[in-house]
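Here's the structure, in structure tokens; my notes come after.
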There are 2 protein chains.
Amino acid sequence: MSLPHAILTALLEKPSSGLELTRRFDRSIGYFWSATHQQIYRELGRLEAEGHIRALAPAQPARGQKKSYEVLPAGRAELARWTAAAQDPKPHRDALLLRLRAAAVVGTAGLQADLGRHLELHRRQLAEYEEIERRDFPPGRDTAEDRLRHLVLRAGIDLETFWTQWLTQALAEVAAMPSE
Amino acid sequence: MSLPHAILTALLEKPSSGLELTRRFDRSIGYFWSATHQQIYRELGRLEAEGHIRALAPAQPARGQKKSYEVLPAGRAELARWTAAAQDPKPHRDALLLRLRAAAVVGTAGLQADLGRHLELHRRQLAEYEEIERRDFPPGRDTAEDRLRHLVLRAGIDLETFWTQWLTQALAEVAAMPSE
DNA sequence: CTCGATTGTGCAACTAGTTGCACAAGTGGC
DNA sequence: GCCACTTGTGCAACTAGTTGCACAATCGAG
């Protein structure tokens, strides 16, 4: 139940419209929370109904027009409450690890190509995060907020680094046992 | 849509009853796929209806009794098909990273305790995986299946290692900015 | 000026996973 | 003998996330 809180965080960092939020969720926010535009619009509606956010009146109201939202005090309070509350980690599920384990039983035929594709995807993601790091966290800036945000980005970078290494090794293993 | 395939993999490794599966999902299978007993029973029913698995007749049939399942050829074929099929990685969501990012905006008050709790949980999980590694993968054994399964376990170990390190660092950062 | 592509917003239906409960059968203590 | 506890199985309702579609406004090319 964290999508509303992800949206509150994003809106506190910068008031945005649904589409702007969608873009930010695809970019930097994506490394700890992802959401489609449909989810986001639905949730914006709920948050507004609950009085946690409100739409900023556009210059000339018209249909099909950008609506920007800002967080109300009640929304900020809810986010602070949620952030401080104890929460159990969600169990993880990783289809790729499962497939490798399955391959130990039914054979590795056909697996290699997709492992390579995943490796490439993770490499690209890693490059993107490193680009964000260069742009948003140049050496020198050192406020408390920056250090926290940088720490979160580092998690994204280190995880992608791990996956590229692991997939490289997995590919080598699978290549060494042709189709079994 | 991978729970059925997780169950097929587990049953191929060793035919089991619903409860035995539940236990195995809580233990070693848990590091790449988790499921509750309710999910497992529901899915066993579906897999049986589809002709992918079948119940082994118990010695003396009675209600409320263990039913063991084994995989049929159709089930094995379906698992092989799924393993080889290209699949896009699922977007990840991590509430803890989100909370840290939120804390950069609304303050870190109250966060420290839960970070410590998570660190402890990951330490324990790590210890458990390392125990499994010692027990199931002693040096020397080297079949193809073993190498694949060991690789999967290594992913679990390395990820837990990463999280313990990251959380240690996060705790240090948060401690250095008291309540903000 | 107009038609097709893009931008921006949104509903509806579906799927997967979670939570809460129920109930039968066996097991150990008193 | 019976009551509380554990084991094993399962249904039903709910929640979160995904997929598929729709439709208005705007913008750029011919």
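The chains referred to below are lettered A, B, ... by the order of the sequence lines, with proteins before strands, and numbering in each begins at 1.
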Gap between atoms [atom1] and [atom2], on [X] and [N] respectively (whole Å):
X: A:E20; N: C:dT7; atom1: CD; atom2: P; result: 13 Å
X: A:Y41; N: D:dA16; atom1: OH; atom2: P; result: 21 Å
X: A:H92; N: C:dA16; atom1: NE2; atom2: P; result: 21 Å
X: A:Q87; N: D:dA16; atom1: CD; atom2: P; result: 13 Å
X: B:E48; N: D:dT9; atom1: CD; atom2: C1'; result: 13 Å
X: A:R46; N: C:dT9; atom1: CZ; atom2: P; result: 18 Å
X: B:I40; N: D:dT9; atom1: CD1; atom2: P; result: 11 Å
X: B:R23; N: D:dT9; atom1: CZ; atom2: C1'; result: 13 Å

Q) Just by distance, with hydrogens left out, do B:R24 and B:S16 show a side-chain donor and acceptor under 3.5 Å apart? A)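 Yes, B:S16 and B:R24 have a side-chain donor paired with an acceptor closer than 3.5 Å.
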Would [X] and [Y] show up in the same hydrophobic cluster when neighbours are defined by side-chain heavy atoms closer than 4.5 Å?
X: A:L79; Y: A:L72; result: no
X: A:W166; Y: A:L121; result: no
X: B:I157; Y: A:L100; result: yes

Enumerate all atom pairs, one protein N or O and one N or O from nucleotides 4-6 of chain C, separated by less than 3.5 Å.
none

Q | Test log, rule salt bridge (Lys or Arg N to Asp or Glu O under 4.0 Å), inputs B:D136 and B:R149 | A | CA-CA 10 Å; B:D136 291 357; B:R149 276 195 273 264; over 6 Å; no
Q.
I need the minimum non-hydrogen distance between B:G75 and B:L8, along with the two atoms involved.
A.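 Shortest heavy-atom contact: O-CD1, 3.6 Å.
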Q: Check the angle between the aromatic planes of A:H150 and A:F137 and answer parallel, tilted or perpendicular using the 30° and 60° thresholds.
A: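 It falls in the parallel class, under 30°.
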Q.
Once you measure the plane-to-plane angle for A:H122 and A:H118, does it fall in the parallel (<30°), tilted (30-60°) or perpendicular (>60°) bin?
A.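 Correct class here is tilted.
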Between the protein and nucleotides 17-23 of chain D, which nitrogen or oxygen pairs come in under 3.5 angstrom?
from: D:dG17; atom 1: O3'; to: B:R93; atom 2: NH1; distance (Å): 3.4
from: D:dG17; atom 1: N7; to: A:R42; atom 2: NH2; distance (Å): 3.4
from: D:dT18; atom 1: OP2; to: A:Q39; atom 2: OE1; distance (Å): 3.1
from: D:dT18; atom 1: OP2; to: B:R93; atom 2: NH2; distance (Å): 2.8
from: D:dT18; atom 1: O4; to: A:R42; atom 2: NH2; distance (Å): 3.0
from: D:dG20; atom 1: O6; to: A:Q38; atom 2: NE2; distance (Å): 3.1
from: D:dC21; atom 1: N4; to: A:Q38; atom 2: NE2; distance (Å): 3.4

Q.
Evaluate A:E131 against A:R134 for salt bridge (Lys or Arg N to Asp or Glu O under 4.0 Å), listing each step before the verdict.
A. CA-CA 5 Å; A:E131 173 59 29; A:R134 266 189 299 280; 3.2 Å; yes
